[in-house]
Structure formats: structure tokens, C-alpha cells
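Per chain, numbering begins at 1; letters A, B, ... match sequence-line order.
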2 protein chains.
Amino acid sequence: MPRNAAKPRETYHVGNLEPQLLIQAKRMLEEVGPTKISIRAIAEQLGVSATAVYYHFANKDELLSRLAATGFSELEFVLNQALAESTATTILKEVSLAYFRFAKRNPTMYQLMFGSEITQATLTPELERAREQAFQVLKRTIAQILDQEIHSKMVRITALSSWSHIHGMASLLIHQVIVLPETIDEEQLVENALQSLKHLFSLMP
Amino acid sequence: MPRNAAKPRETYHVGNLEPQLLIQAKRMLEEVGPTKISIRAIAEQLGVSATAVYYHFANKDELLSRLAATGFSELEFVLNQALAESTATTILKEVSLAYFRFAKRNPTMYQLMFGSEITQATLTPELERAREQAFQVLKRTIAQILDQEIHSKMVRITALSSWSHIHGMASLLIHQVIVLPETIDEEQLVENALQSLKHLFSLMP
DNA sequence: ACCTGAACACCGTTCAAGT
DNA sequence: ACCTGAACACCGTTCAAGT
């Protein structure tokens, strides 16, 4: 018995199967997580044979890469939004908070985007572009704060370092390596994380 | 044909299968990565039936958890070593560097330790303890720098934040989200990452 | 151009049975 | 106490064939 009611089609041809596969894949990702997502199950849920998938995607890796790419586009969007709405003094906190919120609200997608399921062997150009564009927003943010050229080495390493910080927090929380009380205020948490590091570094040479 | 020559035993009984399974699992982890590790293959390589594994481990999750726990113990060890060998002015850099090096030298183990393969459903007490002990070293490091009680809230959030930073860097590099030149000096990289954040935060309110 | 069915080589896990 | 064999319900992927 299938875990989900198959919806049998009347027509042999589906029409626009490709986008439907991505939509269903996303749904399944949210339900079962990045490790248990399955091509056969996705196909079955759409009432289509498993092999139909292979007409539209080279393999599972490519489908997942395409899916992850949409995640990076969404992330880029929310970061750009935060950047646009922030003032000079709050810019780092606002962008970091937007990043953190995206991760917390889309944990399975975030795991897919940064996890081991997507091998770099099959890295789609589309995925690499989407990733790079999201990182660009972080670079713009940092360039603005530092008041330096976006292509400078200084901006690059600082953006990388700042990205690491917020990505690390998101990652540790999502994987439950650290557990915080349910009631915690996300804004306070990000603010505290930034301030505590500021203080720590002020003590260093 | 098996991908690895099975070594048939003469005796029915193996003796100490449990540790051997963990050793072989580690070997396989390093060869094929955390997503492709397989109980059947591990058993076959030891010349033992796949079901023998289930006498020693409840399931795959438990085996992987036990394996990950050894990773956290090793990490704890190298962190402690760095902490012991560092001076007051270099302590943060030294511990961060030790952490970063562990991740770079054991990428598949690191992926397993922080990835999606281990569900929190089957989180072994052993794994939780090992994790917590590694984190304790980071806390001790921070407590020393801040010159505060190790159990204070301030130490906790700062250690968490600092851990996020270095874990984020390791994670982004291992997953090839960012690619650095082969020739890069790890010590310089960590130093630059710390310094760039110090400067960034100095510009914030 | 787009999809199916059968087949292959894998999985993790169970259960009764063997030593 | 420790291990095996057969069986079940899954996978991803290929290939020839159908519409």
C-alpha cells in the first residue's frame, strides 16, 4: 500500500511534468527531510512512473540540485529585502536576522542547501549561480558597512567570516547540536550572538 | 561481484565483532562519505552476514551515532591539546585553528558529526555526552578569555557564538560552498577570519 | 517528444532458525 | 550468547518499447 494516495491520470501525457516534480519534491522534502526524499515516491504521488523523472532530470542529484537552487533564490530574496529595509546602524543585525529566520523556518530546505546529499560532482551551474547570488547580497552588506569596494579582498574575507558565523548558528540549531528554549526571541538571540563576539574580540590582540 | 574482497572466516563465531564493525564503518565512511555508508557492505567486508550487525546495534542510526561519538571524542582531545599549549594572547586563535584543522583533515567524519544522517530520534546518550564534552572545552576556553565563571550565561552565549563561527567556516569549506586556493595557509586563514570579524564588529554600535 | 514496464543491483530490517 | 538465511519492502537507474 503506497504511503500516499496515487492520483491516476486519464491522459498518457502529463504536460508540464518538470515543474510538478519540483513542487512535489519540495513538499516531500518538508515532510520527510533531505535524507529520505525519494524519486519513486515523488513519481508515485504524481501518478507517474518513476522512470518518467529521468526524461526531465539526469538523476536524483540533478533534481535535488535544482530544488536547492530555488532555496538559494528565496534566501537571496529575503536577504535583499532585509538589506533594503535596514538603516546604517542596524544593517548587520537585520541581514543576519533575516538569514537566521530563513533557516529556522525552512529547516529541511536549509539542510538540503548545505548538506551532504548534493555531491559537488553533479553541481548544477544553476545551483552555483543561485548560491553565488545569495552570497553577493552578504558581500554588498559588508561592503556597505566597511565602506569599501565590493570586490576587495577585505570585503571577501569579512563576508565569508560573517557568513560562517550566522550559518554556523543556523546549522547547530537545526541539527539540534544546541537546544534553546522554545520561548527564545530570535531577534534577541542574534543580537546577543553578535554582541558577545564583539566583546570577545575586543579582548584579543 | 562484491566491491571489496570478502574475507570468509573459518569459525562461526567472530569474537569481538562490535569494535570491528565500528572500525570498518570508519574506514568506509572515509572512503565513500556519510550518505553512501552501508550496513550490508560493512558486514560483507568483514565476511559476516548483514543481520549479524543487528545483534550489536539496534539499527544503522545507532551504529552511526556510536561512530560519530568517537569523532567528538577525538575533537575534544585536539581542542584540549590546543588549549593546554596556548598562551593567554593566542588562546582563541590556537583553539579555533585546532578545530578547523580537525574538520579539514576528517571531512567525512565531520559531515557525519554535524549532518542529517543522524536523526535526533535515535540520539545515543553516548553521542550526546561526547558532544557536550567537546563543547565544554570551548566553554573553558571562552571562560578563560572572558575571565568569568564557566557556567555563566555570558560564557555560554559567547562560546556558542564562537563555536558557530568556526563551525560555519569548516562547514562551508567542506561542502565546497566556498572554495579556497589549495596553497592557502590554514593558520593565516583562521587569523584573517578572526581579525576581519573583530574589525567588522568594531564598526557596529 | 514524452512516458511506461520490466529488470538489475542495490538498500535496511524482521524473524525464525542454526551453532 | 552470537550469528545465518530467507524474505519483505523499499531504493536509484538502464533500456527497450509504447503513445
Query raised in the report: Is any side-chain heavy atom of B/Glu128 less than 4.5 Å from a side-chain heavy atom of B/Gln133?
Result: no

Requested in this report: Could you tell me whether the side chain of A/Phe57 reaches within less than 4.5 Å of the side chain of A/Leu22, counting heavy atoms only?
Outcome: yes

Report task. Would you indicate, yes or no, if C/dG12 has its OP1 or OP2 atom less than 4.0 angstrom from a side-chain nitrogen or oxygen of B/Ser38? Result -> yes

**Report entry** Between D/dT13 (C1') and A/Arg40 (CZ): distance, integer Å
**Finding:** 9 Å

Query raised in the report: Does A/Tyr54 have a side-chain nitrogen or oxygen under 4.0 Å from the phosphate oxygens OP1 or OP2 of D/dT13?
Result: yes

Query raised in the report: Are A/Leu146 and A/Met154 side-chain neighbours, meaning at least one heavy-atom pair lies under 4.5 Å?
Result: yes

Requested in this report: Could you check which of D/dC11, D/dG5, C/dT4 has an atom nearest any side-chain atom of A/Val48?
Outcome: C/dT4

Donor-acceptor contacts, no H, no angles, side chain residues 162-169 of chain B, under 3.5 Å, sequence neighbours left out:
from: B/Trp163; atom 1: NE1; to: B/Tyr99; atom 2: OH; distance (Å): 2.9
from: B/Ser164; atom 1: OG; to: A/Met169; atom 2: N; distance (Å): 3.4
from: B/Ser164; atom 1: OG; to: B/Leu160; atom 2: O; distance (Å): 2.9
from: B/His165; atom 1: NE2; to: A/Ser161; atom 2: OG; distance (Å): 2.7
from: B/His167; atom 1: ND1; to: B/Tyr110; atom 2: OH; distance (Å): 2.6
from: B/His167; atom 1: NE2; to: A/Ser171; atom 2: OG; distance (Å): 3.0

Requested in this report: Quick one: the dot-bracket string of DNA chain D, using Watson-Crick and G-U wobble pairs with both distances under 3.5 Å, [ ] for crossing pairs and | for bases paired to another strand.
Outcome: ||.|||||...|||||.||

Query raised in the report: Residues from residues 56-63 of chain A sitting under 4.0 Å of DNA chain C, heavy atoms only?
Result: A/His56

Query raised in the report: How close or far is atom P of C/dG12 from atom CG of B/Leu21, stated in whole angstroms?
Result: 13 Å

Query raised in the report: Which heavy atom in A/Ala68 sits nearest to a heavy atom in A/Met113, and how many Å separate them?
Result: O-CG, 3.9 Å

N/O donor-acceptor pairs under 3.5 Å from side chains in residues 185-195 of chain A, not counting sequence neighbours:
from: A/Glu186; atom 1: OE1; to: A/Arg101; atom 2: NE; distance (Å): 2.8
from: A/Glu186; atom 1: OE1; to: A/Arg105; atom 2: NH2; distance (Å): 3.4
from: A/Glu186; atom 1: OE2; to: A/Arg105; atom 2: NH1; distance (Å): 3.2
from: A/Glu187; atom 1: OE2; to: A/Lys93; atom 2: NZ; distance (Å): 3.2
from: A/Glu191; atom 1: OE2; to: A/Gln195; atom 2: NE2; distance (Å): 3.4
from: A/Asn192; atom 1: ND2; to: A/Gln188; atom 2: O; distance (Å): 3.4
from: A/Gln195; atom 1: NE2; to: B/Pro205; atom 2: O; distance (Å): 3.2

**Report entry** For atom CD1 of A/Ile39 and atom P of D/dT14, their distance in whole Å
**Finding:** 10 Å

Query raised in the report: Looking at residues 111-119 of chain A, who's got a heavy atom less than 4.0 Å off DNA chain C?
Result: none

Query raised in the report: Nearest to the side chain of B/Ala52 - D/dC3, D/dG12, C/dT14?
Result: D/dC3

Report task. Return the value, rounded to whole Å, for the distance between atom NZ of B/Lys36 and atom C1' of D/dG12. Result -> 11 Å

Query raised in the report: Does the side chain of A/Tyr55 get closer than 4.0 angstrom to OP1 or OP2 of C/dC2 through an N or O atom?
Result: yes

Query raised in the report: So which heavy atom on A/Ala43 is nearest to which on A/Ala50, and how close?
Result: CB-CA, 3.6 Å

Query raised in the report: Can you tell if the side chain of A/Val32 reaches within under 4.5 Å of the side chain of A/Leu29, non-hydrogen atoms only?
Result: no

Donor-acceptor list for residues 74-83 of chain B side chains, cut-off 3.5 Å, not counting sequence neighbours:
from: B/Glu74; atom 1: OE2; to: B/Lys26; atom 2: NZ; distance (Å): 3.3
from: B/Asn80; atom 1: OD1; to: B/Arg140; atom 2: NH2; distance (Å): 3.0

Requested in this report: Identify the heavy atoms of B/Lys198 and A/Phe201 that sit nearest to each other, and give their distance.
Outcome: NZ-O, 2.9 Å

Report task. Provide, to the nearest angstrom, the distance between the CD atom belonging to B/Glu44 and the C1' atom belonging to C/dA9. Result -> 12 Å

Report summary line: On a heavy-atom basis, the closest approach of B/Gln111 and B/Pro34 is CB-CG, 3.8 Å

Query raised in the report: Roughly how many Å is it from CD1 in A/Ile37 to P in D/dG12, rounded to a whole number?
Result: 10 Å

